[in-house]
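The chains referred to below are lettered A, B, ... by the order of the sequence lines, with proteins before strands, and numbering in each begins at 1.
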Amino acid sequence: MPKDRKVAKKWTADEYIDDLFQKKDAGKLPMPNPPFFLGMEVFYLPIGQDVLRDIDMKRYERLVSRGAVLQRRYDPTTATHIVSENGAKVTATRLGINSVLDIPEHIRTVNGAFLGHLVSCYGSGTHVRTLPNGRKDYENAHWPGREDFDDPKLAAFTERIKKIEEIPVAPPPQVRRRHGERRLSSPQPPARSDTEDEDEDPRFKRNPTKSRQLPTPSQSSDIISRSSSPGLPPTSSPTPYDDEKADSDPLAEFYSKAREEAELGLNDESEFVDYTNHGHKRGVRTITHTPPSVWSVDNPRPTASCLNQDIIDELERLHLIHSSRPFEEDAWRAFSYKKCIRNIKNHPIRIKNGNEARQIYGVGEKTASKINEFLTTGKISRITHELSKGDVAAVKLFTGIYGVGSHTAYNWYTLGLRTLEDVRRGKGGVKLSPCQETGLKFYDDINLRMPRAEAEEIFLMIKPIALAIDPKLSVDIMGSFRRGKADCGDIDILITRPIHDGKTHAGVMARLWAGLHKARILTEDLALPSNMEDSLECTYRGLCSLPVPDSRRRRIDILMLPWQYRGAALLYYTGDDIFNRAMRFKAGKMGYSLNQRGLYAGVVRNPNKRTEKTNQGNIVASETEEEIFKILGVPWQEPWQRVRGA
DNA sequence: GGGCTGTACTG
DNA sequence: CAGTACA
DNA sequence: GCCC
């Protein structure tokens with residue numbers, strides 16, 4: 001926010017955007033919550049043609065600080081919004097199109113007042129938002145909705161309003177407030193009779209009935225007490241770090257905190273400490289969280305690339321090598337390398353030698369010495385050696401086929417197969433399962449990520465089909481979409497249904513499956529639920545595509561669960577995977593067990609085979625994500641903060 | 001020297 | 001049951 | 001492969 005008006009520096013749009021992202025990367029841009037522009041990719045057309053005006057700069061900053069990705073050049077394939085006050089003609093000219101009516105329908109066009117409106121309606125974090133017409137919206141609190149776009153005062157071009165009304169409303173950016181109801185998707189509720197079921201609408205609200213005292217995993221007291229950790233180990237209780245002891249040795253403090261952090265990786269990074277300027281004795285400063293994945297995608301500048309990127313690259317190779325081998329030792333080595341990579345990525349200073357590397361949690365003797373070798377000789381002989389064998393490349397190629405894992409891939413390699421063509425021809429007598437056939441056929445598509453907008457578009461076709469089966473269904477899009485990522489590897493849909501009217505969603509999966517195939521949205525099945533017909537709980541995996549020519553196949557998973565498990569299901573299905581493992585790990589350490597149905601206390605495990613449970617335990621939390629976080633002593637984290645991997 | 005998440009579907 | 005996949 |  002270069003606000004030095006006195007100096008009156010003249011910025012061009014590109015310069016200013018550069019500057020903003022530089023500041024953001026350096027953690028110097030205030031990032032107020034909530035980031036309700038998260039997931040939006042915006043082309044903002046400045047009022048000032050060559051030199052930005054103050055208002056332009058303010059709007060740029062507003063967009064970036066609330067999570068938007070900015071386009072330097074208008075790109076209709078990825079843009080979600082255009083902000084312009086230049087009038088239809090001028091805008092069209094400057095976008096390089098004939099008419100604003102040529103803007104793809106899904107792109108919202110709004111004027112500059114829109115931004116201020118959103119900030120005033122949603123910026124302070126109130127639950128209840130004020131609609132443009134002055135009324136309060138209690139029901140669909142939190143996120144910009146249809147009315148925000150349809151208000152003629154906020155729309156950029158009245159020409160497009162009609163068009164906008166015709167298209168389904170977009171789900172808001174998938175970010176939640178800390179408190180209050182947690183409605184997942186569209187701010188526009190499905191048509192429903194509002195005479196009944198007052199209690200069901202906030203489908204993911206806090207547990208309304210159950211008593212909330214914290215259950216203890218009492219039945220497993222033997223397990224708990226034998227380890228020195230009590231039910232809630234104080235050491236891992238992830239309260240925000242107190243910042244006062246920043247005096248003596250910031251570096252030492254960094255290590256201890258990094259260690260703590262790395263241990264479970266459950267703490268929100270916003271409470272982590274920014275040491276980037278520790279060398280200037282600036283003391284400790286907390287930074288606000290920036291959702292990294294969103295930035296990484298269309299940020300022209302590679303996001304705050306890591307100081308140790310070269311080392312990471314080598315470790316990635318080691319990880320790849322070990323994950324290519326179908327032996328358990330290798331799997332765990334790969335696991336270790338991954339952890340190592342994560343922690344080094346978060347390491348704020350350049351690693352100069354093996355000893356320094358060794359200080360990082362997760363980096364042991366062996367890795368440290370490899371890093372040392374790399375820093376002194378410029379390469380790691382082990383890597384050169386292993387990669388020369390060629391199995392790694394082949395396995396990586398083959399495991400790109402859905403349904404082919406390291407075992408199969410490695411066997412194929414042993415049989416002499418090297419290319420996908422070899423696989424296709426059935427060289428060495430290899431037979432493909434139906435699922436692998438599909439995986440091979442759509443190899444490229446399946447291994448591509450899709451733009452967030454496409455995931456949304458597909459979801460918005462599926463949702464009404466589901467609601468036509470039963471309007472009371474709760475249908476939400478999860479996974480990386482819910483975490484706010486700008487691109488998604490697949491589409492994850494969670495379906496459940498309130499039980500207050502005594503009815504259930506039994507059989508919905510079968511009908512939905514049929515309906516989606518009929519609508520030509522589902523194209524191939526990969527794994528069908530064992531019991532689509534009547535179970536309340538089942539998983540579908542398959543491929544889908546937009547029912548238009550030349551659209552790519554996309555991976556889709558549909559998960560159905562009983563209503564009472566919705567909190568745990570949200571948690572599970574939102575991920576990311578590393579975050580889930582960390583949560584489950586901590587749950588385990590505390591004597592609980594966590595799965596997609598709930599948090600269980602008093603689980604008794606077979607002492608010989610720990611994964612095997614002698615006693616299933618009692619469910620102590622499952623209806624809301626919050627209660628699970630709370631019981632596990634993990635500070636609440638919004639979906640987009642739950643990123644531990646990539 | 002044991003643990004490193006916990007589950008569902010395929011064949 | 002092993003293998004693969006999902007977050 | 002790392003950590004306890």
Side-chain angles (χ1 to χ4, degrees), chain A residues 227-229 259 262-264 315 318-319 321-323 326 328-341 343 358 360-370 399 401-411 431-436 439 446 478-483 489-492 494 525-532 535 537-542 555-561 568-589 592-600 603 605 607-613 616 639 642-645:
Chain A
S227 75
S228 57
S229 64
R259 219 180 155 77
E263 200 139 2
L264 290 170
L315 296 177
L318 286 162
H319 172 255
I321 288 166
H322 289 292
S323 51
E328 231 173 313
E329 322 90 77
D330 288 287
W332 288 121
R333 284 178 193 132
F335 177 88
S336 277
Y337 281 123
K338 233 196 301 181
K339 194 168 172 185
C340 213
I341 289 165
N343 294 338
R358 181 69 183 81
I360 298 167
Y361 186 81
V363 181
E365 286 300 332
K366 302 221 186 150
T367 306
S369 92
K370 287 191 180 78
T399 51
I401 302 172
Y402 186 94
V404 176
S406 63
H407 286 79
T408 311
Y410 199 84
N411 286 340
K431 276 280 182 201
L432 297 184
S433 70
C435 162
Q436 292 164 341
I446 291 176
M478 313 289 298
S480 47
F481 190 98
R482 186 173 180 230
R483 294 198 306 274
D490 66 358
I491 298 168
D492 305 298
L494 176 65
D525 303 321
L526 293 169
L528 293 173
S530 41
N531 42 11
M532 272 207 277
S535 175
E537 184 173 345
C538 51
T539 317
Y540 169 86
R541 299 187 200 293
R555 280 277 299 106
I556 182 168
D557 294 340
I558 304 174
L559 185 79
M560 266 187 21
L561 273 161
L570 275 173
L571 184 61
Y572 161 69
Y573 225 27
T574 299
D576 65 14
D577 53 348
I578 307 293
F579 182 83
N580 283 350
R581 290 175 75 158
M583 288 286 271
R584 290 170 180 209
F585 182 83
K586 182 166 188 186
K589 289 278 177 244
Y592 296 103
S593 172
L594 175 64
N595 62 26
Q596 64 268 49
R597 290 188 275 277
L599 184 65
Y600 293 78
V603 177
R605 293 182 154 93
N608 303 320
K609 216 173 159 256
R610 242 193 58 82
T611 47
E612 189 184 302
K613 293 187 189 103
Q616 233 240 294
R642 305 178 196 169
V643 180
R644 296 299 178 278

Trainee: Applying a 4.0 Å non-hydrogen cut-off, can you work out what A/D330 is touching in the nucleic acid: base, sugar-phosphate, or nothing?
Mentor: nothing
Trainee: Please tell me if A/S593 has a side-chain N or O lying less than 4.0 Å from either OP1 or OP2 of B/dT5.
Mentor: no
Trainee: Separation of A/K586 atom NZ from B/dG3 atom C1', in whole Å?
Mentor: 18 Å
Trainee: For the side chain of A/R555, starting at C-beta, report the closest nucleotide among C/dT4, C/dC6, C/dA7.
Mentor: C/dC6
Trainee: Tell me what A/I401 touches on the nucleic acid: a base, only sugar-phosphate, or nothing, going by heavy atoms under 4.0 Å.
Mentor: sugar-phosphate
Trainee: Measure from the side-chain heavy atoms of A/K370 and tell me the nearest of D/dG1, D/dC3, C/dA7.
Mentor: D/dG1
Trainee: Applying a 4.0 Å non-hydrogen cut-off, can you work out what A/P326 is touching in the nucleic acid: base, sugar-phosphate, or nothing?
Mentor: nothing
Trainee: Between C/dC6 atom P and A/R644 atom CZ, what is the distance in whole Å?
Mentor: 22 Å
Trainee: Can any side-chain N or O of A/S323 pair as donor or acceptor with the backbone N or O of A/H319 at less than 3.5 Å?
Mentor: yes
Trainee: Check whether any side-chain N or O of A/S530 sits under 4.0 Å from OP1 or OP2 of B/dA8, and answer yes or no.
Mentor: no
Trainee: Below the 4.0 Å mark, does C/dT4 have OP1 or OP2 next to a side-chain nitrogen or oxygen of A/H407?
Mentor: yes
Trainee: Look at the side chain of A/N595 and decide which nucleotide, out of D/dC3, B/dT7, C/dC6, has an atom nearest to it.
Mentor: B/dT7
Trainee: Look at the side-chain N and O atoms of A/R541 and state whether any lies under 4.0 Å from the OP1 or OP2 oxygen of B/dT10.
Mentor: no
Trainee: From the list B/dA8, C/dT4, B/dT10, which nucleotide is the closest neighbour of the side chain of A/S406?
Mentor: C/dT4
Trainee: How many Å lie between CG on A/D525 and C1' on C/dA5, as a whole number?
Mentor: 16 Å
Trainee: Using a 3.5 Å distance criterion without hydrogens, assess whether the side chain of A/D330 forms a donor-acceptor pair with backbone atoms of A/R333.
Mentor: no
Trainee: What contact category does A/D557 fall into here, base, sugar-phosphate, or nothing, at under 4.0 angstrom with non-hydrogen atoms?
Mentor: sugar-phosphate
Trainee: Is it true that a side-chain atom of A/T367 and a backbone atom of A/V363 form a donor plus acceptor pair closer than 3.5 Å?
Mentor: no
Trainee: Just to be sure I understand the rule, does A/L559 reach a base, reach only the sugar-phosphate, or reach nothing, if contact means heavy atoms closer than 4.0 Å?
Mentor: nothing
Trainee: Side chain of A/D490 only, please: which of C/dT4, C/dA7, D/dG1 is the nearest?
Mentor: C/dA7
Trainee: What interatomic distance, in whole Å, is found between P of D/dC2 and the corresponding atom of B/dT7?
Mentor: 29 Å
Trainee: State which of B/dG6, D/dG1, D/dC4 makes the closest approach to the side chain of A/R584.
Mentor: B/dG6
Trainee: A/R581 CZ to B/dT7 P: how many Å, rounded?
Mentor: 14 Å
Trainee: Without decimals, in angstroms, what is the distance between A/D577 CG and C/dA5 P?
Mentor: 14 Å
Trainee: At under 4.0 Å, does any side-chain N or O of A/R597 touch on OP1 or OP2 of B/dA8?
Mentor: yes
Trainee: Shortest non-hydrogen contact from A/D492 to A/S480?
Mentor: OD2-N, 4.2 Å
Trainee: In whole Å, what is the span from the NE2 atom of A/H322 to the C1' atom of D/dC2?
Mentor: 13 Å
Trainee: Looking only at non-hydrogen atoms, find the nearest pair between A/K431 and A/Q436 and report the distance.
Mentor: O-OE1, 4.0 Å
Trainee: Base of C/dC6, side chain of A/Y572 - is there a donor-acceptor contact under 3.5 Å?
Mentor: yes
Trainee: How many angstroms lie between atom CG of A/L494 and atom CD1 of A/I558, to the nearest 0.5 angstrom?
Mentor: 11.0 Å
Trainee: Counting just side-chain N and O atoms, does A/R333 come under 4.0 Å of either OP1 or OP2 of D/dG1?
Mentor: yes
Trainee: Rounding to an integer number of Å, can you tell me how far A/N411 CG sits from C/dA2 P?
Mentor: 15 Å
Trainee: Would you say A/W332 stacks on B/dC4, if stacking means ring centres under 5.5 Å apart and planes within less than 30 degrees?
Mentor: yes
Trainee: When you measure from the side chain of A/Y402, which nucleotide among D/dG1, C/dA5, D/dC3 comes out closest?
Mentor: C/dA5
Trainee: Tell me, yes or no, whether the heavy-atom count around A/E329 atom CD, taken from other residues, nucleotides or ligands under 6.0 Å, exceeds 12.
Mentor: yes
Trainee: Write down the distance between NZ (A/K339) and P (D/dG1), rounded to a whole number of angstrom.
Mentor: 15 Å
Trainee: Once you apply a heavy-atom cut-off of 4.0 Å, does A/L571 come out as touching a base, just sugar-phosphate, or nothing?
Mentor: nothing
